K.L.:
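Sharing a structure below in structure tokens format, with a few things to ask.
In this text, all values refer to a predicted model and were calculated from it rather than measured experimentally. Each chain gets a letter, A, B and so on, in the order its sequence line appears, and its residues count up from 1.
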Protein chains: 2
Amino acid sequence: MASIYEEMAEKTKEKIQQHFLQLLKEKNFMKVSVRDITEAAEINRGTFYLHYLDKYDLLDQIEAGLLEDLDKHLEQLKPDLLLEEAEKGRISMNAVEVFRYIQLNAEYFQIFLGENNHIGFHKRLKRFFVDHFVEKMMKNESFFKSASVPQDYLSSFATSAFLGLIEQWLENELAETPEEMAEMYIQIIFFIRNL
Amino acid sequence: MASIYEEMAEKTKEKIQQHFLQLLKEKNFMKVSVRDITEAAEINRGTFYLHYLDKYDLLDQIEAGLLEDLDKHLEQLKPDLLLEEAEKGRISMNAVEVFRYIQLNAEYFQIFLGENNHIGFHKRLKRFFVDHFVEKMMKNESFFKSASVPQDYLSSFATSAFLGLIEQWLENELAETPEEMAEMYIQIIFFIRNL
DNA sequence: TATACCAATCAACATAGTGTTGAGTGGAAT
DNA sequence: ATTCCACTCAACACTATGTTGATTGGTATA
């Protein structure tokens with residue numbers, strides 16, 4: 001499988017990504033040039049184009065990889081079970097797992113959701129949460145008893161609220177534990193339920 | 001005051017802004033060049049630099065003008081009074097006014113909060129709402145009786161929720177009336193109050 | 001051992017965008 | 001008549017982009 005050529009290419013891609021992220025901490029995506037990246041990574045500029053179409057493609061691949069990885073962590077998060085546990089007053093271990101993942105990759109999330117960057121990831125993450133959480137809950141018909149607010153607004157506002165919680169956490173340099181964040185999350189779940 | 005020279009300069013700036021916005025509908029901010037703008041506006045490229053430092057400055061000035069204008073509309077929105085009316089089950093005319101403003105400038109908001117653009121405006125608008133709504137409500141001590149969630153998280157998640165509502169409205173091509181949106185807004189206010 | 005393979009390098013190219021400058025145009029104000 | 005001023009025009013040096021063709025130096029294979 002992993003031939004020495006593939007390993008070499010992978011190592012180069014990792015080096016590119018690593019230095020790209022470093023540059024994104026310093027400045028706006030728009031102001032990071034391919035030249036900047038390849039000089040930082042100490043590779044030939046031509047080599048960059050062997051792996052990526054352009055810097056947009058690079059950004060896209062990193063974002064996609066991050067969300068794909070998050071997906072695996074969320075697979076074990078079962079909304080119905082989560083609610084059940086919340087009703088018992090316990091913090092769902094599953095919810096904790098989500099925040100643990102964000103904590104683990106805080107560097108990425110801080111950059112991609114940060115001040116100077118592209119709005120793409122924000123929208124992408126929002127859509128991700130809609131697909132993984134809210135829509136599943138919506139399908140549970142008994143879940144929303146008195147939906148006086150149209151479903152798409154309900155789901156947009158709930159996911160945005162969730163994202164707002166994450167953004168604040170990242171801004172606070174992750175001062176709270178994943179457990180504490182999960183506790184807040186549970187409260188949001190209850191709110192959505194009773195709206 | 002408004003000499004013919006100032007009028008001329010203002011007209012040129014408006015022409016620049018108008019064509020810039022048009023280009024932002026077609027493509028990403030990053031991919032819009034000063035050349036694109038000046039060619040569309042049929043002015044000399046040098047003229048652009050008589051008015052703006054660069055395209056970032058142009059974006060910043062438009063955003064700032066939009067928020068300054070929104071500020072005037074929100075000045076007449078008094079949160080305490082708003083809540084009082086909501087308790088009476090009536091829709092606050094003030095809240096309606098906010099959504100009316102967004103409706104009036106939907107084109108701008110759709111572009112600046114849209115898929116391909118800069119995250120700056122999103123953050124800016126969020127901060128704006130925090131400053132204008134939430135923090136004022138927070139200062140009303142009796143307002144939050146049982147704040148089991150830290151205030152910064154509460155405010156981040158409430159404003160994000162509010163923004164989520166607006167974003168969905170814009171995505172829905174403003175299918176709802178400002179009155180209907182205000183009704184949802186009132187529900188959020190009640191939610192925040194009872195959290 | 002020869003040779004085919006392959007990631008990465010290097011240098012050069014055409015193209016396009018940036019920000020600045022200095023000279024010039026034409027209508028408006030004094 | 002002359003000054004003022006927004007705008008035009010052409011040119012400049014500079015940086016970034018994406019592509020190409022030739023080359024290097026390890027690795028695998030017949």
K.L.:
Assign A/Thr47 to base, sugar-phosphate, or nothing according to its heavy-atom contacts below 4.0 angstrom with the strands shown.
P.N.:
base

K.L.:
Look at the side chain of B/Asn44 and decide which nucleotide, out of D/dA16, D/dT8, D/dG18, has an atom nearest to it.
P.N.:
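Of D/dA16, D/dT8, D/dG18, D/dT8 is nearest to the side chain of B/Asn44.
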
K.L.:
So if I take every side-chain heavy atom of B/Ser33 and compare against C/dG17, D/dA16, D/dG18, which nucleotide ends up nearest?
P.N.:
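For B/Ser33, the side-chain atoms sit closest to C/dG17.
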
K.L.:
Within this structure, what is the CD-to-P distance between B/Glu6 and C/dA28, rounded to whole angstrom?
P.N.:
16 Å

K.L.:
I want to verify a distance call: between C/dA7, C/dG17, D/dT19, whose nearest atom is closest to the A/Ala9 side chain?
P.N.:
C/dA7

K.L.:
With a 4.0 Å cut-off on N to O distance, would you call B/Arg100 and B/Glu179 a salt bridge?
P.N.:
yes

K.L.:
Take the protein atom CE of B/Met30 and the nucleotide atom C1' of D/dA16, then report the distance between them rounded to whole Å.
P.N.:
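Taking atom C1' of D/dA16 as the reference, CE of B/Met30 is at 16 Å.
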
K.L.:
What is the distance, to the nearest angstrom, from the NE2 atom on B/His51 to the P atom on D/dC5?
P.N.:
14 Å

K.L.:
Atom OH of A/Tyr56 and atom P of D/dA16: how far apart are they, to the nearest Å?
P.N.:
14 Å

K.L.:
Taking only the side-chain heavy atoms of B/Ile4 (C-beta and beyond), determine which of C/dA29, C/dG17, D/dT19 contains the nearest atom.
P.N.:
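That would be C/dA29.
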
K.L.:
Roughly how many Å is it from OH in A/Tyr49 to P in C/dC13, rounded to a whole number?
P.N.:
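After rounding, the reported distance stands at 18 Å.
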
K.L.:
Could you check how far OH of A/Tyr52 sits from C1' of D/dT17, rounded to whole Å?
P.N.:
18 Å

K.L.:
Measuring from the side chain of B/Met8 (C-beta onward, heavy atoms only), which nucleotide among D/dA6, C/dT20, C/dA7 has the closest atom?
P.N.:
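Selected nucleotide (nearest to the side chain): D/dA6.
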
K.L.:
In Å and rounded to the nearest 0.5 Å, what is the CE to CG distance from B/Met181 to B/Leu165?
P.N.:
4.0 Å

K.L.:
Considering only NZ, NE, NH1 and NH2 on the basic side and carboxylate oxygens on the acidic side, decide whether B/Asp131 and B/Lys126 come within less than 4.0 Å.
P.N.:
no

K.L.:
Under 30°, 30 to 60°, or over 60°: which ring-plane class applies to A/Phe109 and A/Tyr101, parallel, tilted or perpendicular?
P.N.:
perpendicular

K.L.:
What's the closest nucleotide to the side chain of B/Ile43 if the choices are C/dG19, D/dA6, D/dT8?
P.N.:
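Of the options given, the side chain of B/Ile43 lies nearest D/dT8.
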
K.L.:
In whole angstrom, what separates A/Leu50's CG from C/dC6's P?
P.N.:
14 Å

K.L.:
What nucleotide among C/dG19, D/dG18, D/dA16 has an atom nearest to a side-chain atom of A/Arg35?
P.N.:
D/dA16

K.L.:
Under 6.0 Å between ring centres: does that hold for B/Phe29 and B/Tyr56?
P.N.:
yes

K.L.:
If you find the nucleotide of DNA chain D closest to B/Arg45 and the one closest to B/Glu10, which residue's nucleotide is nearer the 5' end?
P.N.:
B/Glu10

K.L.:
To the nearest Å, how far apart are A/Lys11 NZ and C/dT9 P?
P.N.:
13 Å

